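Working notes, structure below.
We use all heavy atoms of the structure for the numbers below, so side chains are in, but hydrogens, waters and symmetry mates are not. Small disclaimer: the values here were computed from a predicted structure and weren't measured.
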Amino acid sequence: MNAHRTDEATSRFVAHRNLLFTVAYEMLGSAADAEDVLQETWLRWSTVDQAEVREPRAYLVRIATRLALNRLRSAQRRREAYVGPWLPEPLLTSPDVAEDAELAESVSLALMVVLETLGPTERAVFVLREIFGFEFDEIAATVEKTPATVRQIAHRARQHVEARRPRVSVSADEARTALAAFRLAVETGDVQAMLDVLAPDVVLISDGGGVKQAALRPILGADKVTRFIAGAIAKAGVAVTSEATVVNGNPALALSVDGALDGVLAARVQDGRIAGLYFVRNPRKLTRVGEEFVLSLR
């Protein structure tokens, strides 16, 4: 490839880089895997004759999605052997992402957990159609199915997700307020205050990956969640501190033990109370919490 074509390929790739990363992350739930997909996408893109490409965005997304699909199929076997619940890798995102309701919902841990229940092809179709707005013909070329088949897959995937996704969205301010109240209750050891901010049917999912202690199954109900959190703090035997942050476009807490990052706690808020808690303690999933990611749906 001559210098002019190399420059053209590079500029086109860079223009869509954030979109490609977001597509791969939505597919895989892993920043490390998404970055690998991004690198592989560039390597393939750099060999393409740019004069033959009419729609760089669609072409690049097609490459990235196919690579992500291959990785997702392999990852499913590993996740079946995973110790305890598997949660997506939390990403530190800029505060303005939280103000973009569409983007914040699409990358929220709450929705990402639901996407984990889809098969690889269903997930690809749902992500491309419902989150990124691609046409059925474009998706069909990407997943190598007919448009009619893709429509059927999209319908099934949408029904599956809608039956499980949170039905009530709240503003970033409301979410921050609920999480701040929860943080204060935890830091002061005020059990009643903790119960007041948790919804009666709250669900806590914790991911230690077999490396850090975590519940092997989701914990249901405000009483059980409160006892679990209070017990975990008491068992730590050292000072547990928290810092407000934004992960996956939503308010969250970064928890530290003796000054070292121990986990990230994200919350799903409904009607002013916390209805879902997602606690990631697996150290392999916390390596990028200090690095801000730029996400994009366009």
Taken in chain and number order and not counting sequence neighbours, the residues that satisfy ring-ring contact (aromatic ring centres under 6.0 Å, His included) with Phe21 are Phe293
By side-chain hydrogen bond (donor to acceptor under 3.5 Å, both in side chains), Glu243 pairs with (sequence neighbours left out) none
Applying side-chain hydrogen bond (donor to acceptor under 3.5 Å, both in side chains) to Glu105 and not counting sequence neighbours gives Arg165
Residue pairs meeting ring pair (Phe, Tyr, Trp, His ring centres under 6.0 Å), one or both in residues 123-142, sequence neighbours left out, come to none
Applied to residues 189-199, the side chain to side chain donor-acceptor pair (under 3.5 Å) test, sequence neighbours excluded, yields Gln192-Asp196
Report, one line per pair, each donor and acceptor closer than 3.5 Å where one atom sits in a side chain of residues 209-223; sequence neighbours left out.
residue : atom : partner : partner atom : Å
Lys212  : NZ   : Asp262  : OD1          : 3.1

Applying ring-ring contact (aromatic ring centres under 6.0 Å, His included) to Phe228 and not counting sequence neighbours gives none
Residues Arg44, Arg66; criterion side chain to side chain contact (heavy atoms under 4.5 Å, CB included); working and verdict
CA-CA 12 Å; Arg44 297 197 181 192; Arg66 286 179 177 173; over 6 Å; no
- prompt: Would you say the side chain of Asn248 lies within less than 4.5 Å of the side chain of Tyr25, judging by non-hydrogen atoms?
  reply: yes
Hits for side chain to side chain contact (heavy atoms under 4.5 Å, CB included) against Ala181, two or more places apart or cross-chain, chain-then-number order -> Val197
Exactly one candidate in Leu109, Val107, Leu28 meets side chain to side chain contact (heavy atoms under 4.5 Å, CB included) with Pro88; the answer is Leu109
ask   = Do Gln50 and Trp45 touch side chain to side chain, with heavy atoms closer than 4.5 Å?
value = yes
Residue Arg284 excluded, over 12 heavy atoms near CZ under 6.0 Å:
no
Applying side-chain hydrogen bond (donor to acceptor under 3.5 Å, both in side chains) to Arg158 and not counting sequence neighbours gives Glu130
The complete set of salt bridge (Lys or Arg N to Asp or Glu O under 4.0 Å) pairs with one or both residues in residues 10-32, sequence neighbours excluded, reads Glu8-Arg12
So side chain to side chain donor-acceptor pair (under 3.5 Å) across residues 51-62, not counting sequence neighbours, yields none
Residues passing the side-chain hydrogen bond (donor to acceptor under 3.5 Å, both in side chains) test with Arg288, sequence neighbours excluded, are Glu35
Side chains of His160 and Arg164: any donor to acceptor distance under 3.5 Å?
yes
Closest non-hydrogen atoms of Glu174 and Gly272, given as atom of the first, atom of the second and distance, are OE2-N, 3.0 Å
